[in-house]
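In what follows, a single structure is set out as structure tokens and then discussed.
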Amino acid sequence: MKMKTCILSLCIGSAALLFTGCNDFLDRSPLGQFTEDDAPGGGLEGQVFGIYKEMRSYNITAGIPAFAVHHMRSEDSEKGSAADDGADMAAMFDDFYYVTNNGSLNAYWTHNYSIIYQCNSVIDAIDSNDLTDTPSQRNKGEALFFRAYCYFNLVRAYGEVPLVVDKIEDAAEVNVPKTTVDAIYQQIDKDLATAVELLPREWTAEYTGRLTWGAARSLQARTFMMRNDWPNMYKAASEVMSSGLYDLNTPYDKIWTDEGENCSESVFELQCASTAALKADLSIGSQFCEVQGVRGAGDWNLGWGWHMATKEMGEAYEPGDPRKDATLLYFRRSEDEPITPENTNKPYGESPVSTGSGAYYNKKAYTDPAKRLEFTKTGFWVNIRLIRFADVVLMVAESANELGKTGEASNALEMVRARARGGDESILPKVTATDQATLRDAIRHERRVELGLEPDRFYDLVRWDIAREVLHAAGKTNYQDKHKYLPIPQDQIDKSKGILVQNPDY
């Protein structure tokens with residue numbers, strides 16, 4: 001049994017109340033008193049489950065703000081949809097015409113902070129009441145993980161941001177200046193170090209999907225990776241890799257199917273569900289597939305068509321790499337265009353859809369036709385994969401190579417390529433180079449194709465200091481170094497009455 005059962009029993013009512021309360025809270029000016037009515041309802045575990053629900057939300061992982069911040073700024077993703085649908089979003093995130101009053105810019109900011117404030121309340125309740133029992137301490141570990149996750153989102157997206165780690169009693173307490181990037185990362189490090197100690201290695205079956213030691217240690221590795229902190233990245237990722245908790249035995253083309261949910265490669269995925277009565281209910285599901293689904297008609301009216309892959313993404317794969325057909329959903333530009341191996345993904349048919357941008361739909365958000373008949377076409381039941389073991393293995397490969405452990409790096413790289421080739425020795429040959437520079441390029445390539453259309457290609461380009469070079473070569477010539485950080489939303493600056501200051505050059 002998956003955590004979907006828990007979502008049904010614990011989150012339907014309280015999470016809806018939580019979502020409304022958060023929006024009311026975020027709309028307030030930074031003045032006035034808070035009461036207990038502002039806190040999420042229910043006991044500690046109910047509040048934590050409410051945080052899981054908020055993590056599935058449109059603005060954090062499952063909708064346009066999330067896809068814009070994490071995906072569209074890379075060379076592998078485009079806004080997608082029709083050309084006249086969200087043209088302002090294409091200008092902002094595809095073409096780097098940053099403006100401070102963009103709605104998605106503000107939504108991403110506010111909902112990350114919404115989750116942070118909820119985490120602060122849970123942590124405060126546990127600490128102030130000296131709750132040392134195992135369930136409470138595990139709840140604390142979950143809250144610390146999610147607080148670190150959201151601050152990691154914010155520091156990568158905006159750079160310096162306000163740091164608030166206490167329960168909010170008065171709205172003025174959140175009206176604080178920006179904190180340095182280093183200080184934000186220090187808090188992330190502190191939160192995750194404690195989460196690693198508090199979270200279990202595994203949960204019993206009825207709690208499948210809840211956070212574990214492996215998820216926290218993997219997120220640690222990812223935060224070290226963003227800073228190119230190779231020793232700490234190597235240590236964290238290697239511990240997860242050698243733990244025996246995960247493997248790469250699931251075929252690549254099965255990972256994003258219903259069959260692949262919570263498979264042995266899953267380090268952390270958000271649980272979503274539909275039922276006969278609640279087919280498209282956001283209290284138990286998400287819009288992850290709806291937003292990215294094929295924008296068509298009739299049988300192919302599967303979603304909004306946002307976040308599509310570019311031709312550069314399609315060209316990145318080596319000949320015969322099966323991951324291309326498992327990642328990219330091909331379509332024809334018109335009903336009259338002949339069907340060829342280049343324009344149709346044969347296992348799933350062809351879509352007579354013409355789009356404004358993008359060359360492929362995201363097959364990692366493609367829904368099971370049988371489930372569509374049972375529930376809805378838009379896939380509210382599909383889990384959101386956030387951390388995969390293959391990412392961890394590639395973090396081992398990259399950090400080992402940068403530390404001069406080229407043999408170990410090569411072995412880790414081969415683990416990922418071997419799974420991808422699926423026993424076909426005629427494709428994806430083993431990388432035999434032992435010099436660091438060649439191996440570095442091979443590992444970077446592997447991250448791109450293995451993690452195609454997943455977060456966070458743009459952030460890889462930034463940390464490798466090649467974003468300008470790569471994006472310009474792909475035609476995104478407006479990108480400049482300052483664009484690695486988004487501007488602070490003007491709405492937040494206005495509400496702060498001058499406490500918050502805009503990022504440089506905006």
Side-chain angles (χ1 to χ4, degrees), residues 57-111 157-158 287-297 300-314 328-334 351-362 365 378 453 455-458 461 467-468 470-480 482-494 502-503 505-506:
S57 72
Y58 181 85
N59 293 320
I60 299 295
T61 56
I64 289 172
F67 301 136
V69 171
H70 286 267
H71 299 276
M72 295 176 195
R73 294 187 288 168
S74 83
E75 84 281 30
D76 290 343
S77 298
E78 292 279 356
K79 173 189 69 71
S81 184
D84 60 351
D85 180 23
D88 59 325
M89 294 293 290
M92 173 91 174
F93 294 98
D94 280 341
D95 299 329
F96 298 98
Y97 289 112
Y98 285 174
V99 295
T100 62
N101 61 349
N102 179 274
S104 290
L105 181 78
N106 192 51
Y108 189 75
W109 173 287
T110 56
H111 280 78
Y158 303 97
Q287 293 175 267
F288 180 82
C289 291
E290 178 181 50
V291 175
Q292 300 178 88
V294 173
R295 186 184 180 94
W300 284 99
N301 179 22
L302 304 183
W304 303 357
W306 282 68
H307 177 223
M308 295 181 66
T310 63
K311 64 180 180 62
E312 285 82 7
M313 177 83 261
L328 308 178
L329 184 59
Y330 311 162
F331 61 95
R332 290 181 291 159
R333 291 287 179 178
S334 71
S351 169
V353 173
S354 180
T355 67
S357 64
Y360 313 90
Y361 288 106
N362 182 4
T378 48
L453 301 185
D456 298 291
R457 171 66 177 173
F458 175 77
L461 299 179
R468 184 171 179 173
V470 170
L471 294 173
H472 282 211
K476 295 191 174 188
T477 55
N478 290 326
Y479 180 85
Q480 302 300 324
K482 70 174 185 177
H483 291 122
K484 70 177 182 179
Y485 291 138
L486 295 164
I488 305 297
Q490 188 61 44
D491 187 56
Q492 303 304 315
I493 293 175
D494 293 342
Q502 187 53 268
N503 282 339
D505 301 319
Y506 295 111

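The basis for the numbers below is simple: all heavy atoms, side chains too, and nothing from hydrogens, waters or symmetry mates.
Taking OH of Y98 as the start and CZ of R73 as the end, the distance is 4.0 Å to the nearest 0.5 Å. Remark: Q480 CD to R468 CZ distance equals 4.0 Å, nearest 0.5 Å. Put simply, CG on L461 and CG on D76 are 8.0 Å apart, with the number rounded to the nearest 0.5 Å. One finds the CE atom of M89 at 9.0 Å from the CG atom of L105 (value rounded to the nearest 0.5 Å). Atom CG of L471 is separated from atom CG of D95 by 11.0 Å, given to the nearest 0.5 angstrom. Interatomic distance, CD of E312 versus CD of E75, reported as 7.5 Å (0.5 Å rounding).
Among residues two or more places apart in sequence or in another chain, the side chain to side chain donor-acceptor pair (under 3.5 Å) test is passed with Y506 by none. For N106, the side chain to side chain donor-acceptor pair (under 3.5 Å) partners at least two apart in sequence or on another chain are Q492. Evaluation of the ring pair (Phe, Tyr, Trp, His ring centres under 6.0 Å) rule for W109 yields Y113, Y158 as partners, not counting sequence neighbours. S74 meets the side chain to side chain donor-acceptor pair (under 3.5 Å) test with no other residue; sequence neighbours excluded. Remark: Y485 pairs with no residue by the ring pair (Phe, Tyr, Trp, His ring centres under 6.0 Å) rule, at least two apart or across chains. Residues satisfying the side chain to side chain donor-acceptor pair (under 3.5 Å) test with Y58, not counting sequence neighbours, are none.
T378 places none of its side-chain heavy atoms less than 4.5 Å from the side chain of Q287. When side chains are defined from C-beta on, Q292 does not count as touching L453, because their heavy atoms never get closer than 4.5 Å. Between L302 and Y361 there is no side-chain heavy-atom pair separated by less than 4.5 Å. Two residues are said to be in side-chain contact when any heavy atoms from C-beta on lie closer than 4.5 Å; Q502 and I493 meet this criterion. At a threshold of 4.5 Å between non-hydrogen side-chain atoms, the residues S77 and M313 do not count as touching. Using a 4.5 Å heavy-atom cutoff, the side chains of K476 and E78 are in contact.
Between W304 and V291, the closest heavy-atom pair is CB-O, 3.5 Å. In terms of heavy-atom proximity, L328 sits nearest to G314 at CD1-CA, 3.7 Å. Contact detail for H71 and P455: the closest heavy-atom pair is CE1-N, 3.3 Å. Scanning both residues, C289 and A365, for their nearest heavy atoms gives SG-O, 3.4 Å.
K484 NZ: 12 or fewer foreign heavy atoms inside a 6.0 Å radius.
Taking the ring centroids of Y108 and H70, they lie under the 6.0 Å cut-off.
The aromatic rings of F458 and Y479 sit perpendicular, their planes meeting at an angle over 60°, well past the 30° parallel limit.
The only option from N102, I64, D88 that meets the side-chain contact (heavy atoms from CB on, under 4.5 Å) definition with F93 turns out to be N102.
For K482 and D505, the salt-bridge test fails: no basic side-chain N is under 4.0 Å from an acidic carboxylate O.
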